[in-house]
Amino acid sequence: MHRLEEIWMTVSVGILIIFMAIVGYQTFSLGMGPPSHAETIDPQKVEETAPFDDPGVKKIGDNEYEVVMTLQSFAFNPSNIEVPAGAKVTFTMTAMDVTHGFQLPGTNINAMVMPGHIQKISHTFDEPGEYLIICNEYCGVGHQAMSTTITVK
Amino acid sequence: MEQPLKETIRQNPKKILGVNPDDAKVALAYLSVSFVSLLIGGILGLLQGLERAGLMQLPSWLNYYQVLTAHGVLLLLVFTATFTIGYQYANLSHSFGGLLAKVRKLAWIGFGLMIIGVVMVATMIILNEASVLYTFYPPLAAHPVFYIGLVFVVLGIWSCCFGVFINYRHWRKNHPGQPTPILAFFAMGVFVLWLFASVGVTIEVLTLIPWSMGIIETTNVMVGRTLFWWFGHTLVNIWYLVATSAWYVIVPKIIGGHHFKEKLIRLVVILLVILNIPGGFHHQIIDPAISIPIKYLHVFMSLAIAVPSLMTAFAMFAVFERTGRKLGGKGLFGWLKKLPWGDVRFLAPMIAMISFIPGGAGGIVNTSNQLNQVIHNTMWVVGHFHVTVGMSVVMTFFGICYWLIPYLAKRVLTPKMSKIGVIQTIIWTIGMTIMAGSMHIAGLFGDPRRTSDTSYGGHEIAASWMSYELIFGIGATFLMIAVIIQVYAVFNMMFFAPKGHTEFPVAEPEEGEEPAPMWTERWGLWIVLLLAVVAMAYVVPIADMIMNAPPGSPPIKTW
Ligand code: HEM
Ligand SMILES: [Cu+2]
Ligand SMILES: [Cu+2]
């Protein structure tokens, strides 16, 4: 009995350590860490603060784009975005009122966007198509209507 | 005189001990509130399921988010808290042979405070002044009365915490050198955790009151969210500790066996108390403003909880096997057949324990950085906690009802009621499996949680979620039936079942087991360690959130 107990605990703890190693490798060596941008902004002065005084899609390199976006109940600005296939897109976002979520179902894009904080997340859109963008954090009575699209051509 | 009495206590506690009738009233009062909350919360859950599935439309005076706020508050907070207090106080009274009069008074004060608090909170939700969901993330701002009501609820819980601490101290003083009865030891763990779980959220709520009244202009939303999850996540493990008290100590007796080595049981309780609170960060894995190394540290801190859980899994199966073999079970799995599957007092917690396997596996997914990004705020999460809470915890609670309530009400569990319990258990299991299973799958495809309608103008990926949402509705219907049966059973056993004596099933150690080591009783030390772990987890990130804070947010009402 005692022996079995020791084996069980050793194997269990071993699996956890391996698991931690994998998550650590993905996070630190492959740069797959979760969106954790640290910059802040005055949430009551978003429209006067660069870059959010001019939201929109900006070309920043060879098939590389930055989408400067504000989230407000219940809309994304800009909306109905278009980018070419293969584009690497970095979304730079902040919230103008309450906390929102930014999710593209079918991709790994998922980030919390909070007032006072600037959040960034990047993705390369290889597959053409119309992707749905939704707010996945409750933000008020129209939360279910807060969506737009990004079309990859 | 002294010595033989002590000996009897040790060898056969239930002969002389029992819940004193005044204490039984306290427990029954809490349990009544608990199951009324379950009934209302269950009806609201069904409404949500049907609304999301598009099978029903809520009337214009009731919006989905009001319903969801009430469902969350009633089930997550009121149902589980009142059940826990009722059950733990009964355990304490049984273990100690009655509560101290002042402790009983504290429990009643707690009851009064909680009722006042819940009425305030519920009124604001009904008036649509607090559609902020149970997480009330600022800067969504509810009516000040909502937050004040929450303070009353917390004060009520604290009153019960202090009651337990006072009674424990009193017993310790009068029984030097003797380990506390195991159920009382669990109660200490539960209420210590509760006290420290609620510290952060109380600070948050106290700052939100003047903010929502306009006295303070802005609030720090990041700190608010972090303090909330310090509480929110710990609450999960409070339930889990409550459920394990039944797994370790009650279930072995019901199947006719003995409990596992007491030293290990106590070690599990201590580990759960010490390691628990930092888990809260896994709710913030994709938040801004928390650095990647800190998030990684918290993957580790969350996973640490898996260690006592795996110890529990081992211990429980060891008890089952040993008991099954003692009852004549042969071969590798023959002992399984010897377990009393037809006894609801065993069946319900057993299914609860089994569902902890997928529940725990899902939890490991949620807490790992990259996988979290796939499922965060999707229906996967809702599926996850309906398995962990809705099955592992709640089914254990249901199973406890079938002996605790007749015991307290001085009535009996009739064979017919036991059968109704078995049917209830099966319907609940089917309902939760259907609902939580389809929620998990829909979530993997991106279906968001907390959303009244997910059609998104008919976009094709949204359309792919629809069939799963219909399945949620079907599962929800099964669950509603099971809720009605359970509530019927509880109140029947409380007021109408035939009078008589029911056993309070407390398992005893195996023959010749050593008594529990006294070092496990050093709660001062466990609290110091708990605080050290909390400090390790929270000091750096919260200091960072405060020192590098953006200008705060004013209160906003978007509903
Ligand atoms: C009749 C049984 C139940 C049904 C039909 C049901 C149904 C649901 C549904 C459909 C949702 C998802 C709402 C959404 O995200 O849009 C939900 C959320 C939730 N349920 Fe249940 N549920 C039941 C029982 C329980 C129980 C027993 C608990 C806990 C003890 C519970 C706790 C929760 C919580 C905490 C949420 C999340 C609330 C939020 O996101 O703010 N539910 N429930
Ligand atoms: Cu939203
Ligand atoms: Cu958690």
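Protein chains get the first letters and strands the later ones, always in sequence-line order, with residue 1 at the start of each.
Using a 4.5 Å cut-off between non-hydrogen atoms, the part of residues 121-135 of chain A that approaches chain B consists of A:I121, A:E130, A:Y131, A:L132, A:I134, A:C135. Using non-hydrogen atoms only and a strict 4.5 Å limit, the part of residues 84-99 of chain A facing chain B consists of A:D97, A:V98, A:T99. The contact list for residues 59-71 of chain B toward chain A, using heavy atoms and a distance under 4.5 Å, reads B:N63, B:Y65 by residue number. Residues from residues 61-74 of chain A that place a non-hydrogen atom less than 4.5 Å from a non-hydrogen atom of chain B comprise A:S73, A:F74, given in numerical order.
Counted within 6.0 Å of NZ on A:K59, heavy atoms from surrounding residues, nucleotides or ligands total more than 12; the atom is thus considered enclosed. Within a 6.0 Å sphere centred on NZ of B:K326, other residues, nucleotides and ligands contribute more than 12 heavy atoms. Counting heavy-atom neighbours within 6.0 Å of B:Y137 OH, excluding the residue itself, gives a total above 12. For B:K263, the NZ atom is loosely surrounded, since the number of other residues' heavy atoms within 6.0 Å does not exceed 12. Residue-environment remark: CD (B:E513) exceeds the threshold of 12 foreign heavy atoms within 6.0 Å. Few gaps surround CD on A:E48; more than 12 heavy atoms of other groups in view lie less than 6.0 Å from it.
Side-chain atoms of A:W8 and B:M311, non-hydrogen and from C-beta on, never get closer than 4.5 Å to each other. Inter-residue side-chain proximity for A:P35 and B:Q373 is flagged as met; some heavy-atom pair is nearer than 4.5 Å. With a 4.5 Å cut-off on side-chain heavy atoms, A:S36 and B:S291 do not count as touching. B:P551 has its side chain within reach of A:P43: a pair of non-hydrogen atoms, C-beta onward, lies under 4.5 Å apart.
For B:F445 against A:P105, the heavy-atom pair with the smallest separation is O-CB, 4.0 Å. Between B:I292 and A:P34, the shortest heavy-atom distance links the atoms CD1-O, 3.7 Å. For the residue pair B:P288 and A:Q119, the shortest heavy atom distance occurs at N-NE2, 3.4 Å. A pairwise comparison of heavy atoms in A:F19 and B:I364 identifies CZ-CG2, 3.4 Å as the closest pair.
A donor-acceptor pair shorter than 3.5 Å can be found between the side chains of B:N377 and A:E137.
Interface remark: B:T218 contributes side-chain atoms only to the contact with chain A (heavy atom separation under 4.5 Å). Within the 4.5 angstrom heavy-atom criterion, no atom of B:S464 approaches chain A. Contacts of B:F300 with chain A are made by both backbone and side-chain atoms, with heavy-atom separations under 4.5 Å. For chain B, the nearby parts of A:M20 are the backbone and the side chain; heavy atoms of each come within less than 4.5 Å. Proximity to chain A is absent for every atom of B:D544, based on heavy atoms less than 4.5 angstrom apart. Proximity to chain B is limited to the side chain of A:Q103, based on heavy atoms less than 4.5 angstrom apart. When heavy atoms are compared at a cutoff of 4.5 Å, B:L444 does not approach chain A at all. Using a 4.5 Å cut-off between heavy atoms, B:T454 makes no contact with chain A at all.
In this structure, the separation between CE on B:M222 and CE on A:M112 is 9.0 Å, given to the nearest 0.5 Å. Between the CE atom in B:M545 and the NE2 atom in A:H117 there is a gap of 8.0 Å [rounded to 0.5 Å]. Considering CE of A:M114 and OG of B:S553, their distance stands at 8.5 Å, rounded to 0.5 Å. Note that CG of B:L371 is 9.0 Å distant from CG of A:N108, once rounded to the nearest 0.5 Å. Atom CG of A:N136 is separated from atom CZ of B:R449 by 9.5 Å, given to the nearest 0.5 angstrom. To the nearest 0.5 Å, the span separating CD1 on A:I7 from CZ on B:F314 amounts to 9.0 Å.
Without hydrogens or angle criteria, A:N110 side chain to B:H376 main chain gives a donor-acceptor distance under 3.5 Å. With hydrogens and angles ignored, the 3.5 Å screen pairs a side-chain donor or acceptor of B:T558 with a backbone N or O of A:C139.
Each of A:Q44, A:K120, A:K45, A:M146 has some count of heavy-atom pairs under 4.5 Å with chain B, and the biggest count is that of A:Q44. Interface check for chain A: of the options B:T451, B:I461, B:D287, B:I556, the most heavy-atom pairs under 4.5 Å are formed by B:D287.
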